[in-house]
Protein chains: 2
Amino acid sequence: MTSKKDRRPTIYDIAQALNIAPSSVSKALNDSSSVSDKVKVLVRNKAQELNYRHNSQAASLRKGTSRTIGVIVPKINSAFFSNAISGMEEVCFNHSHQLIICQTEESYAKEKQAVDTLITNNVDCIIISQSIETKGDSHLREVIKRHTPLIQFDRVNQSVSCHQVVNDNKTAAYHAVKELLNQGYKSIAFLGGSLNMHVYNERREGYLQAVKENGMMIPYDYVVADMHNEQNGYEVATTLLNSSLPPDAFLTSSDYIAFGVMKAVFAKGLSIPDDVGVIGFANEPFSSMIVPSLTTVDQNSRAMGIETANIYFTNLMDKQQSSISITKTVPCTIIYRDSTRKRID
Amino acid sequence: MTSKKDRRPTIYDIAQALNIAPSSVSKALNDSSSVSDKVKVLVRNKAQELNYRHNSQAASLRKGTSRTIGVIVPKINSAFFSNAISGMEEVCFNHSHQLIICQTEESYAKEKQAVDTLITNNVDCIIISQSIETKGDSHLREVIKRHTPLIQFDRVNQSVSCHQVVNDNKTAAYHAVKELLNQGYKSIAFLGGSLNMHVYNERREGYLQAVKENGMMIPYDYVVADMHNEQNGYEVATTLLNSSLPPDAFLTSSDYIAFGVMKAVFAKGLSIPDDVGVIGFANEPFSSMIVPSLTTVDQNSRAMGIETANIYFTNLMDKQQSSISITKTVPCTIIYRDSTRKRID
DNA sequence: ATGAAAGCGCTAACAT
DNA sequence: ATGTTAGCGCTTTCAT
C-alpha cells in the first residue's frame, strides 16, 4: 500500500493524476512554448503537491549532457586550489551546473583514475591542474579524443594543446626581482619548484631575465629547483647563507618555502629586511600574519577559478568544437610587505 | 562515415563486434558468474580496443543508485572544511564513489538550493554542515522524508535527528580553560561564535563549566558571542582590556579571532604570554607560524571527514533504513604553544 | 552459459 | 496545444 507512495514521484505520476500525457508534463516543467498556461499551472501545482523533483540523471542520459563539470587538482586543502575551486563553483552555480571534484595528491596514477572516473560520469567538461608526479599525457589526449572539452589551469602541460588559464608567472617573477633590486638588494637567489612543470619554469625564466638584464653575477648554486615546503626552504637557505658568497635576498616559488628561508635567516642571527630580503608566492593567509610580514606574489586564485569556468560557459558549452585553443592569463599582483622594506641609508 | 566511429562506444558496439548479446557484454564487464571466462576475455579485449568506458549515468538510472555523495559546506576555502572534505574524498575514492560539493557561503537560501540540487542529482547520501544564517530545518526533513541518508557534521542542527559527527567541543573548551588556569591566569574571557549554532554553544558551556568549577568570578561582559573574524576579536579584546576589570586570558572559538585578540594585546603594550594568555580553535596553519605561536584546539578536521564518510559506507550503504541515529564524536587535541607558556615565578 | 526483452525517468520527434 | 512513441545505455529478470 505504501509501495506506490514511497517511490520517488515521476512525471508519470503527475500525468496520471492530471490525466494528461507525460510529454505534456515534461514540456510544462521545462516551460516549453508548446503547452498552454493552464496546463503549466496545473502541472506545477501537482508537482509541488506530490513533492516531485526533476531527475537530472534520467534527463542527462536522454539529452546526452550532464550539466556537470569535473575538476582534478592535486590537493583541495591548499589556499590556491580551494580558492580556485571556490571561484569555479560560484560560476557553475550561476549556470545551474555542478562540480565533481577529484584530488590526485600529486600521484600520476590517481590523476589517470580521476580522468577515467569523470569520463565514466559523463561530465560535460574536465578542468585539470596536473600533479607533480605526472609525466605522460595520454590521459589528457584521451579526453580530447572523446571531444570532452578540456581546460588546464595553473599547472598546465604545454605539450597538450587545449584551453589554458595561467598566471603571468614569468612577468611576476621578473617584477619581484626588480622590486628586490629597487630596494637595494644585490645578490638574489631563486628557490623554485619542479622543473618539469611549466609554471615553475616560467618563474625561473622571469628571474633569469631580470638577472641578465641587470648584469647580475650569480653563483651557479643561486638557482635551486624542486623546492616544495618550509623544510626545503630552510635547508637550502641555510646552506646558501653559509656559503662563501651568501645571497642578500631570496625569491621563492611558495610562501611556505619563503617561511623556511626566513627561519634560516633568523637562525643565522640576521635580520629581515635589513640584512636579507624575501619574497614568496601565493599570498597564503599566514603571509600577512607573520613578523615581519611577507612580501608575496598573489596569484589571484579565485579569479583564476572564475576565468577557467567562464571559458566553458562562454566558449565551449553549446558550441561546435573548434580547433582554436583559448589561453587566458591572469595577472599576478605583488603584495608589498615588510620582508622587503629595506631601510636605504 | 565518421558518424558511427565518433559516438561514444556502448555495450552494443562490443556486442555487435563480437556477435553476442548486449546482456552478455554487461555481465562480462561486471564479472558475473553466469558468463564464461572465454567471453569475459573476449569482451574485455574488445572493450579496450574500442576504448569503451562504462556509462555510470545509464547504470545509475537503471540501478537506482549513483555512487555519488553530496557534501554541503559553508566555505570550501577554509582550513577546517577543506581538510574535512579531503578526508571524505579519500574514503569515497577507496569505495569508488564520487563527491559533489556545494558551498553555501553562509546563506540559508543557497543551502536550500544545494539540497535541491543534490536530490535532483540522485546522490546516495547527503553530508551537511550548516550555514550560520540557517534557521529552519524543513530542507533537512525533506531529505529524510525521501529516505536519502543524511549525515550532519560539525555545525549540526540538534532538532533534526539523523547521523552526526561532531567534536567534543564542550570538553575541549573545558580543558582549554583548565590549561589557562594551570598556567596561572586568573580571569579568562570567552569570545565565542553564533549562539544558534550547537557547536558554539557547547564550547561556551565547557568554558562556563570550568569557570563554575573553579569558583571564578567573571564580569558579565567576559562572555561574548557572534564573533567571526580577526576584526571582531581585535575590537572586543580592546574593549575588554580597557575595562575596569581587564581579563588576563582569552579563549576564542577560532584562531582568527585569537589573532585579533593578540593584536589588541600588543597594541595595548602588553606581552603574550607574560601578561595575557590566548588560546584559539582550529589549528589553522598560521597558528604555528606567528610569534608567539598560538596555543590552539585542533579539531582533527581530516579525521572528522573520514569518520563522516565512513558512517555512510559502514552503516548506511546497502542497508535497510533503520531508525537509530549514529553519533560519532571526534576528540579535539589541544596544541600547546607559546601564547600560554606563562613564566611562573 | 547465453540471449531476448523490458524498463529506469526523461525528452524529442512526430503525429494529430 | 496535446498525445504517441521511441530511445538515451545500462541491468536484470526470465527463457532457452
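All chains are named by letter (A, B, ...) in the order of the sequence lines, taking the proteins before the strands, and each is independently numbered beginning at 1.
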Compare side-chain N and O positions of [X] against OP1 and OP2 of [N] and report whether any pair is under 4.0 Å apart.
X	N	value
B/Ser26	D/dC10	no
B/Tyr52	D/dC10	yes
B/Ser24	C/dG3	yes
A/Ser36	D/dA1	no
A/Ser23	D/dG3	no
B/Asn55	D/dC8	no

Do you know which two heavy atoms are closest between A/Ser66 and A/Ser60, and how far apart they sit?
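Smallest heavy-atom distance, with atoms named: CA-OG, 3.4 Å.
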Rounded to whole Å, how long is the line connecting atom [atom1] of [X] with atom [atom2] of [N]?
X	N	atom1	atom2	result
A/Asp13	C/dC8	CG	P	11 Å
B/Gln57	C/dC10	CD	P	14 Å
B/Arg8	D/dG9	CZ	C1'	9 Å
B/Ile119	C/dG9	CD1	P	16 Å
B/Asn30	D/dG9	CG	P	17 Å
B/Arg62	C/dA6	CZ	C1'	8 Å
A/Ile14	C/dT11	CD1	P	11 Å
A/Asn19	D/dT2	CG	C1'	13 Å

Is a side-chain N or O of [X] found less than 3.5 angstrom from the main chain of [Y], in a donor-acceptor match?
X	Y	value
A/Thr104	A/Lys110	no
A/Ser129	A/Asp154	no
B/Glu111	B/Gln130	no
B/Lys40	B/Ser32	yes
A/His163	A/Ile326	yes

Map A/Pro22 and B/Val35 onto DNA chain C by nearest heavy atom, then report which one ends up closer to the 5' terminus.
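This one resolves to B/Val35.
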What's the closest nucleotide to the side chain of [X] if the choices are [options]?
X	options	result
A/Leu61	D/dC8, D/dT12, D/dT2	D/dC8
A/Lys63	D/dC10, C/dG9, C/dA12	C/dA12
A/Lys27	C/dT11, D/dC10, D/dT2	D/dT2
A/Ile11	D/dG9, C/dT2, C/dT11	C/dT11

Select base, sugar-phosphate, or nothing to describe what A/Thr10 touches, counting heavy atoms under 4.0 Å on all strands.
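Contact class for A/Thr10: sugar-phosphate only.
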For B/His54 and for A/Ile20, locate the closest nucleotide of DNA chain D by heavy-atom distance; then report the residue assigned to the nucleotide nearer the 5' terminus.
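It is A/Ile20 whose nearest nucleotide is closer to the 5' end.
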Has the side chain of B/Tyr12 got a donor or acceptor atom sitting under 3.5 Å from an opposite partner on the base of D/dC8?
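Not at all, since no donor on one side and acceptor on the other fall under 3.5 Å apart.
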